[in-house]
Amino acid sequence: MKIWFDILTPKQYLFFEYFIQKLRKQHKIISTSRKYEQVNGIRKFGSINPIIIGKHGGKNNTTKLLASLKRSLLLTKKIEKTSPDLLISFCSPEASRVAFGLGIPHIAFSDSPHAKAVMRLSLPYVTKLLTPWIIPKNDFKEFGINSRNIIQYRAIDAGIIIKNYKKTRQKKTGTQKTILIRPEESEAAYINKESNTMKIIGSVVEKFPNEKKIILSRYKAQSNEIKRKFGRDVYIVSKPVNGKDLLDNVDCFIGSGGTMTAEAGLLGIPTISLNAVPNRIEDFLVKNKIIVRSESPNRISREITQSLNDPQIIKKRKQTARKFVTSFEDPYQVLLRTIHAL
């Protein structure tokens, strides 16, 4: 069988790498992506080298639309020639439309019903949707997919990513503690909350002068603003990095509630979510005490202080996280059953 993967984000790259490594042993794999620094930069850490077709549209709605339309046309020309038997995507709007138009079955994954624009543009064309059991099927009801075509698996996508990570360097040595902050995805269509991240960074800089503060920014504009406001008080990482290596070397993580927040929590790292993008996965991890949610600078400071100075908290977090990850179902087996059923 010839299987086509369309990969649009770093999370999708890391998640699909696990499936591609297994499927390529028996099937021919075609992988496509788009010109987007967040994905293209991470390829040096992985085993997938997708064909770059089209580009990311940026923050503006008009440029998003134009980039999507152009990419759909370019994908159609490429996929018509390669004639895959199946598409697997993370609800790629362009790939969904192209596969539907060319009569190619489409198995999609999603743990993000809150990304409503993407859901509306992809789910009406999807053959089967695979999603974590945490997310009720009704969350997808408004997007035009029958609940009979939704299959749940008992795993969190970030857990699959960390299982597939390869460690390439030793955990840090030395006594200086490290706090890692990951700002929100500011160019995503689903962001509608006013950002509180700069205020949080300012509080951390003020209250933890002796700790190393790393800001893992997403875009050049973010990096420039952080550099302008905080200068040498923080260390800015603006290029894609090996996430596992970076997380192995931090003592506390502050994230916006997305995939890396879940990764850090499931690795047992003391993790604080700013809840910039309210979602089912973040809510589940908070309720199960894998991560802590707060937007209050004072509470965040208390959590950081506890995390950096109480080894029992770290030990308990790691034990709880390990139990969770061990209990997860392998979604690859669910994917295989779905493929065979088609």
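Below, each value reflects all heavy atoms present in this structure, side chains not excepted, and no hydrogens, waters or symmetry copies. Here the structure is a predicted model, which means the values were calculated and not measured. Note that the numbering runs from 1 along the sequence shown for the chain.
The number of heavy-atom neighbours closer than 6.0 Å to CD of Gln333, taken from other residues, nucleotides and ligands shown, is above 12. Around the NZ atom of Lys163, the shell of radius 6.0 Å holds more than 12 heavy atoms that belong to other residues, nucleotides or ligands. By the neighbour-count criterion of 12 heavy atoms within 6.0 Å, atom NZ of Lys227 is sparsely surrounded, having that number or fewer from other residues, nucleotides or ligands.
For the pair Lys22 (side chain) and Tyr332 (backbone), a donor-acceptor distance under 3.5 Å is absent. At least one donor-acceptor pair under 3.5 Å links the side chain of Ser294 to the backbone N or O of Ser296. Side chain of Asn288 to backbone of Ile290: no donor-acceptor contact under 3.5 angstrom is found. In this structure, Thr63 contributes its side chain and Gly57 its backbone to a donor-acceptor pair below 3.5 Å.
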Notebook entry, point to check: What do the steps show when you test Lys116 against Glu142 for side chain to side chain contact (heavy atoms under 4.5 Å, CB included), and what is the final call?
Noted result: CA-CA 9 Å; Lys116 294 192 174 188; Glu142 65 179 290; 3.7 Å; yes
Next item on the list: Output, in order, the C-alpha distance, side-chain angles, deciding distance and verdict of side chain to side chain contact (heavy atoms under 4.5 Å, CB included) for Ile226 and Met198.
Entry: CA-CA 8 Å; Ile226 293 164; Met198 292 301 163; 3.4 Å; yes
Notebook entry, point to check: Passes side chain to side chain contact (heavy atoms under 4.5 Å, CB included), Val204 versus Ile201? Steps please.
Noted result: CA-CA 5 Å; Val204 172; Ile201 295 173; 5.7 Å; no
Next item on the list: Starting from the C-alpha separation in whole Å, work towards a yes-or-no answer on side chain to side chain contact (heavy atoms under 4.5 Å, CB included) for Leu247 and Glu263.
Entry: CA-CA 9 Å; Leu247 290 171; Glu263 285 178 49; 4.1 Å; yes
Checklist line | Full working for ring pair (Phe, Tyr, Trp, His ring centres under 6.0 Å) between Phe109 and Phe19 | finding: CA-CA 12 Å; Phe109 285 81; Phe19 301 110; 5.3 Å; yes
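Clustering ILVMFWY residues whenever any of their side-chain heavy atoms sit less than 4.5 angstrom apart, transitively, puts Ile236 in the very cluster that holds Phe230. Connection of Leu267 to Val292 is not established within any shared hydrophobic cluster, with ILVMFWY side chains joined at heavy-atom distances below 4.5 Å, either directly or through further cluster members.
For the residue pair Asp330 and Tyr18, a side-chain donor N or O sits within less than 3.5 Å of a side-chain acceptor on the partner. Residues Ser223 and Ser217 have side chains that bring a donor and an acceptor to within less than 3.5 angstrom of each other.
Sorted by first and then second residue, the pairs that involve residues 103-112 and meet side-chain hydrogen bond (donor to acceptor under 3.5 Å, both in side chains), not counting sequence neighbours, are Lys11-Asp111, Ser89-His106.
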Donor-acceptor contacts under 3.5 Å from residues 334-342 side chains, at least two apart:
{"from": "Thr338", "atom 1": "OG1", "to": "Val334", "atom 2": "O", "distance (Å)": "2.8"}
{"from": "His340", "atom 1": "ND1", "to": "Leu336", "atom 2": "O", "distance (Å)": "3.3"}

Distance-only donor-acceptor pairs under 3.5 Å for side chains of residues 66-80, two or more places apart:
{"from": "Ser68", "atom 1": "OG", "to": "Glu94", "atom 2": "OE2", "distance (Å)": "2.6"}
{"from": "Arg71", "atom 1": "NE", "to": "Ile53", "atom 2": "O", "distance (Å)": "2.7"}
{"from": "Arg71", "atom 1": "NH1", "to": "Asp6", "atom 2": "OD2", "distance (Å)": "3.0"}
{"from": "Arg71", "atom 1": "NH1", "to": "Glu94", "atom 2": "OE1", "distance (Å)": "3.4"}
{"from": "Arg71", "atom 1": "NH2", "to": "Asp6", "atom 2": "OD1", "distance (Å)": "2.7"}
{"from": "Arg71", "atom 1": "NH2", "to": "Ser33", "atom 2": "O", "distance (Å)": "3.0"}
{"from": "Ser72", "atom 1": "OG", "to": "Ser68", "atom 2": "O", "distance (Å)": "2.9"}
{"from": "Thr76", "atom 1": "OG1", "to": "Ser72", "atom 2": "O", "distance (Å)": "2.7"}

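Remark: of the listed residues Thr62, Asn60, Asn61, Asn61 is the sole one forming a side-chain contact (heavy atoms from CB on, under 4.5 Å) with Lys64.
Put simply, CZ on Phe253 and OG1 on Thr261 are 4.5 Å apart, with the number rounded to the nearest 0.5 Å. From Thr9, atom OG1 reaches atom CG of Leu14 across 8.5 Å, with rounding to the nearest 0.5 Å. Here the CZ-CG distance, from Arg182 to Leu274, works out to 12.5 Å after rounding to the nearest 0.5 Å.
Under the ring pair (Phe, Tyr, Trp, His ring centres under 6.0 Å) criterion, Phe5 pairs with Phe16, not counting sequence neighbours. In this structure Phe324 satisfies the ring pair (Phe, Tyr, Trp, His ring centres under 6.0 Å) test together with Phe284, sequence neighbours excluded. Residues satisfying the salt bridge (Lys or Arg N to Asp or Glu O under 4.0 Å) criterion with Glu303, sequence neighbours excluded, are Arg299.
For Lys213 and Phe208, the positive end is not near the middle of the six-membered ring at less than 6.0 Å and at most 45° from its axis. For the pair Arg97 and Tyr125, the cation-pi criterion (under 6.0 Å, within 45° of the ring axis) is fulfilled.
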